Amino acid sequence: MQTHGYAAYSKDTPLAPYRFERRALRPNDVAMEILYCGVCHSDLHTARNDWGKSQYPIVPGHEIVGRVTRVGAGVTRYKVGDHVAVGCMVDSCMECDLCQRGEEQLCRKGCTGTYGGRDRITQEPTQGGYSKHLVVREEFCLRVPEGLDLARAAPLLCAGITTWSPLRTWQAGPGSRVAVIGLGGLGHMAVKLAVGLGADVTVLSRSKDKEADALALGAHRLLVSADAEAMRAASSSFDLIIDTVPVRHSLKPYLPLLEIDGTLVLVGQIGPLDELSTVPLLFGRRRIAGSPIGGIRETQEMLDFCAERNILPDCEMIRMEQINEAFERMEKADVRYRFVIDMASLADSD
């Protein structure tokens with residue numbers, strides 16, 4: 001299948017039009033026309049080779065909502081015309097213990113990324129959602145529930161599931177106290193989902209500047225992390241802290257905020273941590289954990305929950321040719337809270 005999109009050709013050049021070929025349908029494949037694609041901080045890191053693994057040209061995008069255009073002969077879950085979604089992975093071994101229990105993101109042999117991965121059969125590089133079409137294995141295709149706004153649903157496929165998974169793993173709900181560090185693309189979804197689950201939710205921020213935004217998203221309060229007195233008063237206040245900050249920062253101020261047996265979960269930063277004292281961990285039986293995306297079953301659960309509760313990200317719609325400007329703005333945190341590309345604009349921008 002011939003298709004086109006926008007690709008990074010090197011770490012130093014802007015994304016530009018790119019024509020390439022999707023694989024022919026296998027019996028268990030679904031082909032779709034991409035309608036909307038969210039813009040994730042990981043897209044920016046990959047385009048600029050911040051993690052040292054990018055192979056060019058690469059088409060980013062792993063928050064994908066589309067319409068089925070063809071199905072393989074063995075496909076039973078979807079038909080032409082269905083609205084479907086794809087997140088951060090398009091395949092896994094499907095045989096190991098983790099895949100068998102629905103945690104394909106933790107596949108023992110490594111899951112296949114929607115972009116920047118390698119097809120498990122042909123070893124050709126996978127290309128993402130900044131494009132007109134996608135071909136994906138049926139098992140990694142998600143159903144978009146009726147009533148979920150297609151134009152705003154795309155960021156749920158990464159920002160949504162990345163924050164939903166730790167909320168479910170650590171059983172956030174009525175009676176639990178959740179704090180969220182960072183009020184960006186992931187952070188604002190963590191707030192909405194935690195509130196939707198019935199938790200008491202606090203946003204942690206360096207100043208009061210985002211207090212109105214935090215309350216508007218449903219948070220019950222904002223705690224200023226630069227206010228030493230307020231932080232001391234909040235000692236042992238949270239059962240779960242979700243840290244969504246995507247750059248290196250210190251965890252020291254936040255550990256004393258955890259209740260006994262509380263957990264601070266990293267979902268944003270990927271890289272070295274500053275040196276930590278073990279004192280608050282040992283004497284509070286506290287934990288620092290990491291969490292990636294969730295599995296396919298958990299992602300479908302999240303989509304269904306969001307449709308039922310009308311929980312959607314706050315989005316700014318852009319055209320495909322605005323992607324480089326969007327990257328620049330994202331670096332400055334100049335977006336509230338997620339860019340989404342209207343892929344109908346791709347034909348005009350190519």
Side-chain angles (χ1 to χ4, degrees), residues 1-7 18-38 43 46 53 55-145 150 153-154 157-158 161 292-300 303 343 346:
M1 178 192 296
Q2 292 293 322
T3 191
H4 59 291
Y6 264 52
Y18 176 56
R19 292 192 173 275
F20 63 105
E21 189 174 273
R22 295 288 187 189
R23 69 169 186 258
L25 260 69
R26 298 168 189 153
N28 62 339
D29 277 342
V30 173
M32 71 184 71
E33 176 190 8
I34 298 174
L35 303 177
Y36 300 99
C37 187
D43 302 345
T46 301
K53 297 180 179 179
Q55 296 185 359
Y56 302 99
I58 189 166
V59 178
H62 57 204
E63 299 179 338
I64 299 165
V65 170
R67 182 189 298 111
V68 176
T69 55
R70 291 172 58 200
V71 296
V75 170
T76 59
R77 303 179 190 180
Y78 304 102
K79 63 182 185 305
V80 173
D82 285 349
H83 287 127
V84 293
V86 174
C88 301
M89 55 183 172
V90 291
D91 207 349
S92 70
C93 81
M94 299 298 285
E95 296 174 350
C96 70
D97 58 323
L98 290 163
C99 287
Q100 288 293 303
R101 73 185 194 208
E103 295 197 287
E104 301 91 349
Q105 80 281 14
L106 301 173
C107 175
R108 299 285 185 188
K109 297 180 181 179
C111 67
T112 302
T114 302
Y115 65 84
R118 290 280 172 181
D119 185 272
R120 301 184 84 84
I121 297 175
T122 66
Q123 291 301 302
E124 62 188 303
T126 56
Q127 303 288 9
Y130 293 6
S131 57
K132 194 66 175 174
H133 305 96
L134 184 71
V135 175
V136 62
R137 181 174 174 167
E138 177 186 24
E139 293 89 342
F140 289 80
C141 195
L142 295 140
R143 175 182 52 83
V144 178
L150 297 176
L157 279 303
C158 179
I161 186 57
I293 57 170
I296 295 299
R297 182 169 59 232
E298 193 172 49
T299 305
Q300 188 66 64
L303 290 173
M343 299 308 298
L346 180 58

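FYI, side chains are in, hydrogens and waters are out, and symmetry mates aren't considered; it's all heavy atoms of this structure. A quick note: this is a predicted structure, and the numbers were derived from the prediction, not measured.
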For the backbone of [Y] and the side chain of [X], can you confirm whether one donor and one acceptor N or O come within less than 3.5 Å of each other?
X	Y	value
Gln105	Gly295	yes
Arg297	Arg101	yes
Arg22	His133	yes
Gln300	Arg143	yes
Glu124	Arg118	no

Spacing of [atom1] belonging to [X] relative to [atom2] belonging to [Y], to within rounding of 0.5 Å:
X	Y	atom1	atom2	result
Gln55	Thr46	CD	OG1	12.0 Å
Tyr115	Leu134	OH	CG	13.5 Å
Arg67	Leu35	CZ	CG	5.0 Å
Met343	Ile64	CE	CD1	9.0 Å
His4	Leu346	NE2	CG	4.0 Å
Glu138	Leu25	CD	CG	11.0 Å

Is it the case that more than 12 heavy atoms not belonging to Arg70 sit under 6.0 Å from its CZ atom?
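No.
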Do [X] and [Y] make a side-chain contact, defined as non-hydrogen atoms from C-beta onward lying under 4.5 Å apart?
X	Y	result
Glu104	Phe140	yes
Gln2	Glu21	yes
Thr122	Arg23	no
Arg137	Asp29	yes
Asp119	Thr112	no
Leu157	Thr299	yes
Leu98	Arg108	yes
Phe20	Ser131	yes

Indicate whether any N or O donor in one side chain lies under 3.5 Å from an N or O acceptor in the other, for Thr114 and His62.
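Absent: no donor and acceptor within the cut-off.
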For Tyr130, what residues pass the ring-ring contact (aromatic ring centres under 6.0 Å, His included) criterion, not counting sequence neighbours?
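Not a single residue meets the ring-ring contact (aromatic ring centres under 6.0 Å, His included) criterion with Tyr130.
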If you compare all heavy atoms of [X] against all heavy atoms of [Y], which two are closest, and at what distance to 0.1 Å?
X	Y	answer
Cys93	Lys109	CB-CD, 3.8 Å
Val84	Cys141	CB-SG, 3.5 Å
Cys111	Cys107	N-CB, 3.9 Å
Met32	Val86	CE-CG2, 3.6 Å
Val59	Gln127	N-OE1, 2.7 Å
Gly38	Ala154	N-CB, 3.7 Å

Is there a side chain to side chain contact (heavy atoms under 4.5 Å, CB included) between Glu139 and Ile296? Walk through the geometry before answering.
CA-CA 8 Å; Glu139 293 89 342; Ile296 295 299; over 6 Å; no
